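We're numbering straight along the sequence, starting at 1. Because the structure is predicted, anything quoted here is derived from the model rather than measured.
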Amino acid sequence: MESKRQQKFAGVIQEDLAAIFQREGINYLPNTLITITKVRVTPDLAIARIFLSFFNNTNTQLALQTIKLHASEIRYKLGARIKDQVRIIPQLEFFVDDTSEYVERMDKIFDKISKEDRQPETE
C-alpha cells in the first residue's frame with residue numbers, strides 16, 4: 001500500500017507529465033493522443049512507473065518504444081517543472097496500460113454471450 005506521500009508525489013508527476021505530453025506529445029508520436037492512466041512511485045521516490053494509454057494508434061508497442069527512447073528528454077522536462085518541489089527527479093519507467101483493451105475484449109465476449117440462443121432449462 002502506498003503512503004500518502006507517495007500518492008501525492010505520484011499525483012504531481014501525473015499532472016506535470018500530462019501537461020508535457022499534451023504540449024509536446026505530437027513531437028514524439030504525431031496524430032496520437034497519449035494519456036497517463038496511472039503513476040506508481042517507489043517508497044524512496046526514486047523511480048516512477050508511468051502507465052500510458054495511446055489513442056489513435058494501432059501499434060502500442062512501437063509507441064511505447066518511441067516514448068522510452070525519449071525518456072531522458074521527458075525526465076529533463078519534468079525536472080524543470082518540479083525542481084522546486086522535490087530533491088531528486090525520479091527515474092521514469094513507462095508501461096502500456098491495457099485496461100481499455102481488456103474492457104473492450106470483455107464487452108465483446110459479453111455481447112456474444114447475450115446474442116447466443118438460450119437453451120430452455122429442462123427439469
Side-chain angles (χ1 to χ4, degrees):
M1 186 170 149
E2 290 184 333
S3 68
K4 291 279 187 194
R5 183 175 176 219
Q6 286 173 277
Q7 292 173 354
K8 188 175 181 181
F9 188 55
V12 169
I13 290 173
Q14 186 169 0
E15 280 183 34
D16 288 326
L17 279 179
I20 290 169
F21 282 130
Q22 185 177 14
R23 288 194 183 102
E24 302 178 27
I26 194 143
N27 296 335
Y28 308 126
L29 295 167
N31 301 324
T32 301
L33 176 65
I34 306 167
T35 57
I36 301 167
T37 56
K38 190 179 352 177
V39 176
R40 297 282 184 238
V41 182
T42 57
D44 62 354
L45 308 180
I47 299 172
R49 293 181 178 92
I50 296 111
F51 294 86
L52 303 173
S53 181
F54 302 99
F55 295 99
N56 200 19
N57 189 317
T58 55
N59 191 345
T60 57
Q61 291 305 317
L62 180 62
L64 181 64
Q65 290 302 322
T66 304
I67 295 299
K68 284 182 177 181
L69 286 174
H70 294 284
S72 60
E73 179 184 344
I74 295 167
R75 182 175 182 246
Y76 177 80
K77 290 177 182 178
L78 176 66
R81 294 176 70 98
I82 66 171
K83 66 182 181 208
D84 297 331
Q85 301 172 35
V86 298
R87 279 188 276 153
I88 60 167
I89 308 303
Q91 291 294 323
L92 305 179
E93 295 179 355
F94 294 101
F95 301 94
V96 173
D97 183 12
D98 58 354
T99 305
S100 61
E101 293 170 10
Y102 178 76
V103 169
E104 281 182 35
R105 204 167 47 239
M106 295 306 290
D107 281 343
K108 287 179 184 177
I109 290 171
F110 288 134
D111 286 343
K112 184 179 175 183
I113 291 170
S114 68
K115 289 178 183 176
E116 288 179 356
D117 291 335
R118 302 210 184 243
Q119 298 286 334
E121 292 183 25
T122 57
E123 292 182 23

*Asks:* Taking all atoms of both residues into account, what is the closest heavy-atom pair of T42 and R49, and its distance?
*Replies:* CG2-NH1, 3.4 Å

*Asks:* Would a single hydrophobic cluster contain both L69 and L64, if residues Ile, Leu, Val, Met, Phe, Trp and Tyr are joined by side-chain heavy-atom contacts under 4.5 Å?
*Replies:* no

*Asks:* Could you work out, with salt bridge (charged side-chain N to carboxylate O under 4.0 Å, His left out) as the rule, every residue matching R40, not counting sequence neighbours?
*Replies:* E2

*Asks:* Considering only heavy atoms from C-beta outward, does the side chain of H70 approach that of T66 to under 4.5 Å?
*Replies:* yes

*Asks:* Which heavy atom of Q6 sits nearest to which heavy atom of V41, and what is that distance?
*Replies:* NE2-O, 2.6 Å

*Asks:* If I take atom CD1 from residue I26 and atom OG1 from residue T32, how far apart are they, to the nearest 0.5 angstrom?
*Replies:* 8.5 Å

*Asks:* Measuring from atom CD of Q7 to atom CD of Q14, what distance do you get when rounded to the nearest 0.5 angstrom?
*Replies:* 12.0 Å

*Asks:* Around Y76, counting heavy atoms of other residues, nucleotides and ligands shown, do more than 12 lie under 6.0 Å from its OH?
*Replies:* no

*Asks:* To the nearest 0.5 Å, what is the distance between CG (D111) and NZ (K108)?
*Replies:* 9.5 Å

*Asks:* Hydrophobic cluster membership, with links at side-chain heavy-atom distances under 4.5 Å among I/L/V/M/F/W/Y: are I67 and F51 in one?
*Replies:* no

*Asks:* Contact between K77 and D16 at the side-chain level, heavy atoms closer than 4.5 Å - yes or no?
*Replies:* no

*Asks:* Do you know the tightest heavy-atom contact between A63 and L29?
*Replies:* CB-CD1, 3.7 Å

*Asks:* Step through the shown structure and confirm whether more than 12 heavy atoms of other residues, nucleotides or ligands are within 6.0 Å of NZ on K68.
*Replies:* yes

*Asks:* Should we count CG of N31 as having more than 12 external heavy atoms under 6.0 Å?
*Replies:* no

*Asks:* For the backbone of L33 and the side chain of N56, can you confirm whether one donor and one acceptor N or O come within less than 3.5 Å of each other?
*Replies:* no

*Asks:* Could you check if a side-chain atom of V86 sits within less than 4.5 angstrom of a side-chain atom of L45, using non-hydrogen atoms only?
*Replies:* no

*Asks:* Heavy atoms only: give me the nearest A48-P90 pair and the separation to one decimal.
*Replies:* N-CB, 4.1 Å

*Asks:* Classify the angle between the aromatic ring planes of Y28 and F21 as parallel (below 30°), tilted (30 to 60°) or perpendicular (above 60°).
*Replies:* perpendicular

*Asks:* Do you know which of I13, L17, I20 makes side-chain contact (heavy atoms from CB on, under 4.5 Å) with R81?
*Replies:* I20

*Asks:* Apply side-chain contact (heavy atoms from CB on, under 4.5 Å) to the pair F54 and I34, showing each step before the final yes or no.
*Replies:* CA-CA 5 Å; F54 302 99; I34 306 167; 4.0 Å; yes

*Asks:* Checking side chain to side chain donor-acceptor pair (under 3.5 Å) against D97, which of T37, T60, T35 comes through?
*Replies:* T37

*Asks:* Quick one: does any side-chain atom of R75 pair with a main-chain N or O of I89 as donor and acceptor, under 3.5 Å?
*Replies:* yes

*Asks:* Measuring from Q65:CD to F94:CZ, what's the distance to the nearest 0.5 Å?
*Replies:* 12.0 Å

